[in-house]
Student: 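I'd like to ask you about the structure that follows.
Since this is a predicted model, take the numbers as computed values, not measurements. Letters A, B, ... mirror the listed sequences (proteins, then strands); counts begin at 1.
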Amino acid sequence: MELSTEVQMDLHRRMVRIRLFEEAAGKLAEAAKLPGFLHLYVGQEAVASGVCAALTDADQITSTHRGHGHLVAKGGQFNEMMAELMAKSTGYNKGKGGSMHISNLEVGMLGANGIVGAGAPIAVGAGFADKYRGEGNVAVAFFGDGSTNIGAFHEAANMACALKLPVVFACENNEYGEFTAREKTMAITDIIDRAAGYGMPGVIVDGMDVVAVHEAATEAVARARRGDGPSLIEAKTYRYYNHHGVQNLGLKYRTDDEVAEWRERDPIFTFEEHLIANGTASRADIDAIWAELRADIATAIEFAEASPVPTADQLLVDVYTEMAPTAAEVPA
Amino acid sequence: MPSPGASSVGIIVNPHAGKDIRRLTSASGQTSDAVKIGIMRRIAAGAVEMGAERVLFSTDTHRLAQRAVEGLDGHFEFLESPLTGAGFDTIAAAQSMCKEQVGAVVVLGGDGTCRDVATGWPDVSLIAISTGTNNVFPSTVDGTTAGVAAALVATGAVAVDAVAHQAKRVSLRIDDPARDAVVHEHALVEAALIGTAFVGARAVTDPATIRWVVACIANPASTGLASIAGRVHPVDRNAPDGVLIELGPGGRNVRVPLAPGTFATLHVASVETLRPSETIELTGGGVVAYDGERTTPVSADTTITVSIEQSGPRLIDVDQTLALAAHDQLFDEPSPRKETHGD
């Protein structure tokens, strides 16, 4: 697949946007300016960017507890995202979703999710709706390696394949479920070894290489869109920071050397080297992109800090769907 | 006197073989870890059955070797080395086996894996079992039989020279002044220039991006890049020549299975035979692919000097090895000693 300059720069921009948003969120959390838990996506940027660049605005995704990267990659705006993380009423979910339940239906992001594995069945539901309505859209479920040990994942994968739904299962295998190494919870190494059990193809890609992810995602999305059913993409990737926050609880469940080895293959910096070597962009072009997006982040933080918190009378608003009255409730 | 490693059989596995993007772009099947473990187990059993004193396994990120021998009787050793999860692991494993003077190595992978083994140990005696996607160099052979053949060669019961044929290689010298780099590379089946800017998912899936292919094995009965050459100008693996195919308008339009179950029309502009002593210079930018995998990005003003060398690994013919063993009654159990009287 030959990528146009426009696509290459789009992939880069999505990754830098995620990196800057997450680094800023991490600093705010350390300064106790964000309530609740924060699971940072830094290191995994190539996966969300490579996959979401293969989607249209009408395609939908479901996410995980580590979900900001997916929303940024799908087109989420910094102001509304930062406000949501700060629990402000100008946030995407009026400050009531926060980091782990952030969503924005306008860009097709059906929600981060605090329950491990719970996003996959929602994506299958979205895929079912797409197929039922004949809209030709695709749903992507992002999930981690650990969630494939959860029953919800198996039910979702089975149903998607049985009904041949337009779903792509995008597994981000970052080798750890919270603080536990994958090999302590699974007898297999590659998640895709499970794909054949449901009747779908599975492929492994280098999750630190945005082009590799994008190539595989483009094929899987095209396959889903033309009615050939689900695929499983396993991106081998890594999170630089801890399970939540930056310093986390200080638990030593992996070595500093291991983190350093993965950082040497940083998805953004290695991609920038290629962009420069290929003549797609100059160092000055790339610096300008970082500067522009840093300014956007600063604006978003100002916007969020200046925004009001939700008032008490909003407590039950948007909690339940407004239902039409039943026949029995309608006055005679 | 046999060398210290003469009765050792080595097993090298690439845990990543048969799992790349071509599961989506073609009708290629997936080779799961369970399949690989089963093959390795049968190789080990076959090697022990035929008297291999040592069976040495490469270690890998998936711990396939350790899982393969669980519950098996025999003397199994694991060659520990730092693991990267990339082709370097296969190269390092081959180097370790060379150091251990292993008599015969059984490789599980595709063309790319065999290439990595040959990088680590250029004149290794090997049996290559297909677990990859495009398998021109390796063949489909049961692990049991492969293990038996490897042990027959490793123990000296069958002479390696009688059953092994030295493979060719495509040798490349890549001179990329813009990147200030000179790279020496090789391929066991074919090298190709792909007109893309990135290594990406490595496999070559878009026929429009193929600029040229140099093959030392051009088998019309194969799939992948080598099949382009194979369908235009076949070259047997045992012939000394190679072939250069340049793609472009103005020549033949040939239907080619670029991946298993996936056909494309390739426009062949020119065909040129490469004699063993010849070198040719090619130019162009993109990514150079070795044995089907995009690997080395090169700038537009790069010069690539290509030649065919008779310096590849020694490929053991499994059928021939077992036929010789049968002829020499090597599968017979020793007869019980007869009672003798007199004399």
Student: Hey, does the side chain of B/Ser299 reach the backbone of B/Asp301 with a donor-acceptor pair shorter than 3.5 angstrom?
Tutor: no
Student: Regarding A/Gln44 and A/Asn174, do their side chains bring together a donor and an acceptor under 3.5 Å, going by distance alone?
Tutor: yes
Student: Among B/His16, B/Arg202, B/Arg67, which residue has the highest count of heavy-atom pairs closer than 4.5 Å to chain A?
Tutor: B/Arg67
Student: Under 4.5 Å heavy-atom distance to chain B, tell me which part of A/Gln8 shows up: side chain, backbone, both or neither.
Tutor: side chain
Student: Under the ring pair (Phe, Tyr, Trp, His ring centres under 6.0 Å) criterion, do A/His243 and A/Phe179 qualify, and how do the steps go?
Tutor: CA-CA 7 Å; A/His243 167 59; A/Phe179 314 100; 5.6 Å; yes
Student: Quick check on the interface: out of A/Asp193, A/Ile204, A/Val211, who has the most heavy-atom pairs with chain B under 4.5 Å?
Tutor: A/Asp193
Student: Between B/Arg115 and B/Glu185, is the closest basic N to carboxylate O distance under 4.0 Å?
Tutor: yes
Student: Just say parallel, tilted or perpendicular for the rings of A/His154 and A/Tyr198, cut-offs at 30° and 60°.
Tutor: tilted
Student: Measuring heavy-atom distances to chain B, does A/Ala222 have an atom under 4.5 Å in its side chain, in its backbone, in both, or in neither?
Tutor: neither
Student: Name the option with the most non-hydrogen atom pairs under 4.5 Å to chain A; the candidates are B/Arg63, B/Arg23, B/Lys19.
Tutor: B/Lys19
Student: With a 4.5 angstrom heavy-atom cut-off, could you sort out which part of B/Ser28 is near chain A: side chain, backbone, both or neither?
Tutor: neither
